[in-house]
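Only this structure's heavy atoms are used, side chains among them; waters, hydrogens and symmetry mates stay out. Because the structure is a prediction, the values reported are computed rather than measured.
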Amino acid sequence: PSGLAAAYHLRRLGHEVHIHDAADAPGGMMRYGIPRYRLPREVLDAEIDRIRALGVRMHLGAQVVDLRAAMRDGGFDAAFLAVGAGVGRNANIPAGAAAKVIDAVAFLHEMEGAEPPQIGRRVVVYGGGDTAVDAARTAKRLGGEPLIVYRRTRDRMPAQDFEVREAEEEGVLVRWLSTIQHVDVGEITVERMALDDAGFPQPTGETETLEADTVILALGQDTDLSLVRDLDGVEVADGVVRVGPDMMTGHAGVFAGGDMVPAERTVTVAVGHGKKAARQIDAF
């Protein structure tokens, strides 16, 4: 969303714009992270077609590995990085060798493939954010019986309340104050938590075994920052790239936005970054 927005506004300002995308189709996390029931693909494709029609050139399946070389060889005056947070975080949960454990980002990405992922009937989603709810509601649409396992209470759940409510209306179950201790073939072991005086969950030692064909981990997302690792002046802290008020990194001519900079990780914020960056790139 951030890269597409920047390309749209840069093109309107009269610049020649090229999008380089490692994926086979444009849209980033809008296509590969947000389920179709929330963002119909015909709507997304129509918006992207409008950007293409302006003359923005899209190079798909074209991952940039060396930014300096790409800018030099392409004769580019500036670059806007909008890689997104497409790397799912893993938890150090003991699991049997044959246990089926996947991360939610990969699961939602697979939904854009020719064949939907095989997850079985009993699906456990571990996490409490919007991605966890998306994964559970998607599993429900695949014929599964999803259960969300979350270590805290509903009032501390980061997912939007209406998303949780709609998930429950669709038949998604939620097990509050619980953590996964172990995953094995066809089952998981969960431990019940209890809130301490400060409201933080603490282990109780009480465990229970639940049936699970697949465990989907939705524990947050990170950005692959290998693209900026060797760029002079680029500051990385807490897994994101620091930018100035002009959206430029510490390397002249290289700007960044969306999930890879410090901000709320939403499509709306990312689109705003793209528009702001376009203006600043034009000024640069």
Side-chain angles (χ1 to χ4, degrees), residues 1-64 70 74 76 79-88 103-117 119 130-131 133-143 160 162-163 166-167 170 218 221 223-224 227 255-260 263-278 281:
S2 198
L4 288 166
Y8 171 79
H9 290 286
L10 282 165
R11 187 72 189 114
R12 292 189 65 190
L13 289 166
H15 297 280
E16 179 183 343
V17 185
H18 293 249
I19 291 177
H20 290 254
D21 196 324
D24 295 327
M29 294 303 289
M30 291 187 294
R31 184 180 303 278
Y32 295 106
I34 299 178
R36 291 171 180 261
Y37 69 84
R38 286 182 58 193
L39 179 56
R41 296 304 182 253
E42 58 270 20
V43 174
L44 177 61
D45 289 337
E47 290 294 303
I48 292 171
D49 286 343
R50 290 177 59 216
I51 297 170
R52 274 198 175 106
L54 283 177
V56 172
R57 296 184 60 183
M58 297 189 184
H59 309 271
L60 303 174
Q63 182 174 359
V64 176
F76 296 110
F80 179 61
L81 309 182
V83 177
V87 181
D103 73 75
V105 177
F107 169 62
L108 294 172
H109 192 286
E110 281 188 56
M111 290 298 297
E112 291 301 305
E115 296 292 334
I119 56 173
D130 286 324
T131 301
V133 178
D134 285 345
R137 296 180 70 183
T138 299
K140 184 71 175 179
R141 284 159 173 76
L142 290 176
Q160 298 181 75
F162 79 90
E163 292 276 3
E166 289 179 2
E170 290 176 358
Q221 295 155 228
T223 301
D224 180 359
L227 193 60
F255 299 74
D259 290 352
M260 67 184 299
E264 183 181 353
R265 289 179 166 179
T266 67
V267 171
T268 305
V269 168
V271 169
H273 284 178
K275 182 176 183 178
K276 180 178 180 180
I281 291 169

Can you tell me how far apart [atom1] ([X]) and [atom2] ([Y]) are? Round to the nearest 0.5 Å.
X	Y	atom1	atom2	value
L4	R50	CG	CZ	11.5 Å
K276	F255	NZ	CZ	11.5 Å
T268	H273	OG1	NE2	11.0 Å
F80	I19	CZ	CD1	10.5 Å
I281	L10	CD1	CG	5.0 Å
T131	I34	OG1	CD1	9.0 Å

Short side-chain to backbone donor-acceptor contact, [X] and [Y], under 3.5 Å:
X	Y	result
E163	D130	no
H18	R57	no
R41	R31	yes
R11	H15	yes
S2	V271	no

Shortest non-hydrogen contact between [X] and [Y], atoms and distance:
X	Y	value
P1	A270	CG-CB, 3.9 Å
D21	G27	OD2-N, 4.3 Å
A23	Y32	CB-CE1, 3.6 Å
A70	V64	CB-CG1, 3.9 Å
F107	I119	CE1-CG2, 3.8 Å
P117	E110	CB-OE1, 3.3 Å

The residue among R36, R38, R141 that forms salt bridge (Lys or Arg N to Asp or Glu O under 4.0 Å) with D134 is R38
Take a 6.0 Å sphere around CD of E16 and say whether it holds more than 12 heavy atoms from other residues, nucleotides or ligands. no
Practice item. Assess whether atom NZ of K275 is packed by more than 12 heavy atoms of other residues, nucleotides or ligands within 6.0 Å. Key: no
Practice task
Decide side-chain contact (heavy atoms from CB on, under 4.5 Å) for E112 and D24; before the verdict, give the C-alpha distance in whole Å, the side-chain angles of both, and the deciding distance to 0.1 Å.
Solution key: CA-CA 10 Å; E112 291 301 305; D24 295 327; over 6 Å; no
Quick one, M111 and L142 - any side-chain contact, counting heavy atoms below 4.5 Å? yes
message = Can you confirm whether R265 sits close enough to M29 that some side-chain heavy atom of one is under 4.5 Å from a side-chain heavy atom of the other?
response = no
Does the side-chain contact (heavy atoms from CB on, under 4.5 Å) test come out yes or no for Y8 and V17, once each step is laid out? CA-CA 9 Å; Y8 171 79; V17 185; over 6 Å; no
- [ ] Quick one: do V267 and M30 satisfy side-chain contact (heavy atoms from CB on, under 4.5 Å)? Show the steps, please.
- [x] CA-CA 8 Å; V267 171; M30 291 187 294; 3.9 Å; yes
